[in-house]
Structure formats: structure tokens, C-alpha cells
Amino acid sequence: MTKPIIAILGAGLGGAIAAFEIKAAVGSRAEVVVVSRGDTFHFVPSNPWVAIGWRRRDAIEVALGPVMARKKIGFTPVGARRVHPSEHRLELEDGESLFYDYLVIATGPELAFDEIEGLGPDGFTQSICHVDHAEKAAEAFEAFARQPGPIVVGAVQGASCYGPAYEFAMILDTELRRRKIRDRVPMTFVTAEPYVGHLGLDGVGDTKGLLESQMRDRHIKFITNARVAKVADGMMSVEEVAEDGAVRATHELPFAYSMMLPAFRGVPAVAGVEGLTNPRGFILADRHQRNPTYRNVFSLGVCVAIPPVGKTAVPVGVPKTGFMIESMVTAIAENLRQMLDGQEPTHEATWNAICLADFGDGGVAFIAQPQIPPRNLNWAAEGGWVHLAKVGFEKYFIGKIKRGESAPFYEKLALDLMGARKLKA
């Protein structure tokens, strides 16, 4: 008999780990096939380091083909043009089709630079969302360092990934001080968040106090409730919005270097598929990570539709952090195992969050259980140990990808001792 096919669309932080964990869960009972645009895994959390020359891209890359072959996972690097869930079919970019019995969508987002005039690597600001962007940002930073001037860093309205913006602002400050040019560089942090440290999560522990303190200690000015109107060459127009939605103040911010995180939306392969996505193109999922309309379709990571945490004056999205994504992976793997046994899925991800925000010479760590409030655990701390922990985690995670592992037993043991579980009891 032909084995059922489990297709995984995307091979980033979530998709690659999902392939390994799902294959381990279903064994030889199903074929697991990964569809990826390109054949290389990039460790995205290291992009801020690439953007200032602390890492080369080859240090954070893994060739996926040999790893997948070794784990007996099918792999195609051509990408998907369109998902046809009613036909159980992926239309690939080379014109071929892949039919599946189960689909796991882990595409990540499309970067919506076009929603703001002048934003992005094709405009006047840099990005650290992709390693290609980070390399371009590094070139621009070296040119900037020869002729320093003002810097503007942050995240625009609708963004849902704030940690890297804070990381990059602080890392820039650290590198500028090491080069002895910090005194020539006024810095401004611009964010859609209602306050510094909101992070799209209404804060975690005292992230508000910790991050505001870091900003002041490093002489970084900040504008919150900010809506970027447009970006020109060397000038950013920002509207500061009051709680009632009225424009409280306008700011014309000159810059010689800028990195602004964009808003996200669903990728074109899924956008507009009725019943599959919300109007923004994010995948609709129930508490089992399964689509309510297409019951053989699961989703994980940044592509999942999650409503905002409370009302804000400027649109603020919810981040999908690494451990939160890994909990989605485990829930999906266990639910697919149940479905292959003819059972209905019962497993739910905890959506717990464990984050390390590196500042180059220190950092902030937080644990939120679950990530979306109200929480059972709400903790944040800072110190030089965070930078060392982030470096160690980078090496560890890239090593897991090279070995084709999702979570070795010692990782599970350590997380259990911390009380950081991936599945709800």
C-alpha cells in the first residue's frame, strides 16, 4: 500500500525542526517531504551579528539536502507557487505538483516593505529579517562608520517582531563604542509599541523598566506609539499617535543609517485562499494547530494567525518566539501520530516563551508561560551572561540542524527541570 505523504512547506527555524520531529514521530508509517525555497538553512537570530560583521553568513548556514537525505526525509528546494488545499496539492514553482495527505505550513512571512514608501533594502532603510539583507546592512554599516551620523532603528506599525529591533539598537551602540565613534552618532529608537518593552506581549516581567533603563544608559532616545509615514534618502517622517488615534506630534528624523523591521503578511502561496487564511494572509489554526476548514492542514510559526494582545493606538502584532514555535512543532507531530492511528488530535502547544535578547556586551532574558497573558510565570532579567548564553544557543541550535535532531533527551530533561513544557497537560 502507498504510504500517506506529510508535506512540510518551509524549512526555516520551525520547518526544519518540524521535519525532524514529525519523521521521528511517524517513523516508517508515512513519507515526510519538505518543500523549501532554496536548499540552505539560515539561523535567523544571528542576523544582527551578520549585519555588523560579527558573523559571516557561512557560519550560520547549513546545507539541508544531505541532512534530509540522511534522515530519510524527502526534500525539494524549488518552493511552492500556490497551495490548493481543496485538492490536497502544492503547485511548485517549477510547474510540477506535489500531492499530500497532510500538510504542515511553516513558511514564515512575506516582508511588507512596500506598505511604507521608501522602506526596506530596496528603499532607504536596512533589514535584518534575512541573511541577504543582513549582508547588505553590513556593507552599509562599514560605509557609515567611515562617515558617522545619526542612526534610526526600530519597528514600523504592524510589525510583530520587536526583540531583534532592540537587539540591533544595543549591538550597534556596543560596536560604535568599540570603534570609538559613538560620540558622533545620535541614536533614536522608533517603535509602534505603546511603551518601550511592550514587545507585542504587553511586556514580560519588568521588560519595560529593563529596556528603558538600557536606552537611557546608552543615550538612545525613543519614540513610542510611532507610525512611520514615509522614508526618504536620509530622512524618516514619523507620526506620534495619541491613545485616541489622533496625531500628537510629528517628527522629521535625519539619519545616515537606519534599520527598521517591517510588518509581516502571509506569503503569496497562501494569500487569499478562503478558509485557510485571515485577510492578512496568516494561517487560521485551532488549539491543535489544525485549520478549521481544511482538517488535514496544520501550521506553525510566524505564518500562524494570532490576534493582538489588547488594543493599541498603533497596530502592534504578536511575536512568535523560538520556543513557542517549537511547542507548536511538538503538538503537530503528536497530533499527526494520532491521526495516522485513526484518532482525532488532542495535543495542544503551551506557547511558552524563552527568549535571549543579546546586546553585544550583555542582554535581557525572559520567560513567559504562556507567551500570551495572563501567565503562570512572568520573569525577566539582565546581565552579561545573556550574551554568552545567546552565543552558546546559536552553536547548539545550528548543531541540532546539522545532526537532524529536534530535541535530544538532555534538552528535554533540562526543560522539564525548568518547568518549560511544550505540551499542555
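In this model, no donor atom of one side chain and acceptor atom of the other lie less than 3.5 Å apart for Glu91 and Ser97. Inspection of the Gln126 and Ser258 side chains reveals no N or O donor paired with an N or O acceptor under 3.5 Å. No side-chain N or O of Tyr195 forms a donor-acceptor pair with one of Glu212 less than 3.5 Å apart. Of the N and O atoms on the side chains of Thr321 and Gln371, at least one donor lies less than 3.5 Å from an acceptor on the other residue.
For Arg178, there are no side chain to side chain donor-acceptor pair (under 3.5 Å) partners, not counting sequence neighbours. Residues satisfying the side chain to side chain donor-acceptor pair (under 3.5 Å) criterion with Tyr100, sequence neighbours excluded, are absent altogether. For Arg184, the side chain to side chain donor-acceptor pair (under 3.5 Å) criterion is met by no residue, not counting sequence neighbours. With sequence neighbours left out, the side chain to side chain donor-acceptor pair (under 3.5 Å) criterion links Arg218 to Asp173, Thr174, Gln214, Asp361.
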**Asked** So Phe189 and Tyr166, ring pair (Phe, Tyr, Trp, His ring centres under 6.0 Å) or not? Walk me through it.
**Response** CA-CA 8 Å; Phe189 188 81; Tyr166 286 101; 4.5 Å; yes
**Criterion side chain to side chain donor-acceptor pair (under 3.5 Å) on Glu252 and Ser237, from CA distance to verdict** = CA-CA 5 Å; Glu252 296 295 320; Ser237 301; 3.0 Å; yes
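Pairing each heavy atom of Lys412 with each of Ala407, the nearest pair is CE-O, 3.1 Å. Considering all non-hydrogen atoms of both residues, Ala263 and Arg280 come closest at CB-NH2, 3.6 Å. The two residues Ala313 and Ala242 come nearest to each other via the heavy atoms CB-O, 3.3 Å.
Looking at Arg265, its side chain never comes within 3.5 Å of a backbone N or O of Gly281 through a donor-acceptor pair. Between the side chain of Arg89 and the backbone N or O of Pro85, no donor-acceptor pair lies under 3.5 Å.
For His347 and His288, the distance between ring centers is not under 6.0 angstrom.
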Less than 3.5 Å apart, which donor and acceptor atoms pair up between the side chains of residues 297-308 and the rest of the protein, not counting sequence neighbours?
none

Please list every donor-acceptor pair under 3.5 Å in which a side-chain atom of residues 44-54 meets a protein atom from a residue at least two apart or in another chain.
residue	atom	partner	partner atom	Å
Ser46	OG	Glu394	OE2	2.6
Asn47	ND2	Ile128	O	3.0
Trp49	NE1	Asp358	OD2	2.7
Trp54	NE1	Glu175	OE1	2.9

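Note on Glu411 versus Lys400: salt bridge recorded, some NZ/NE/NH1/NH2 to OD/OE distance being below 4.0 Å.
In this structure, Phe141 and Tyr257 have perpendicular ring planes: the angle between them is above 60°, well past the 30° mark.
Relative to the six-membered ring of Phe282, Lys320 meets both conditions, a distance below 6.0 Å and an angle of at most 45° to the axis.
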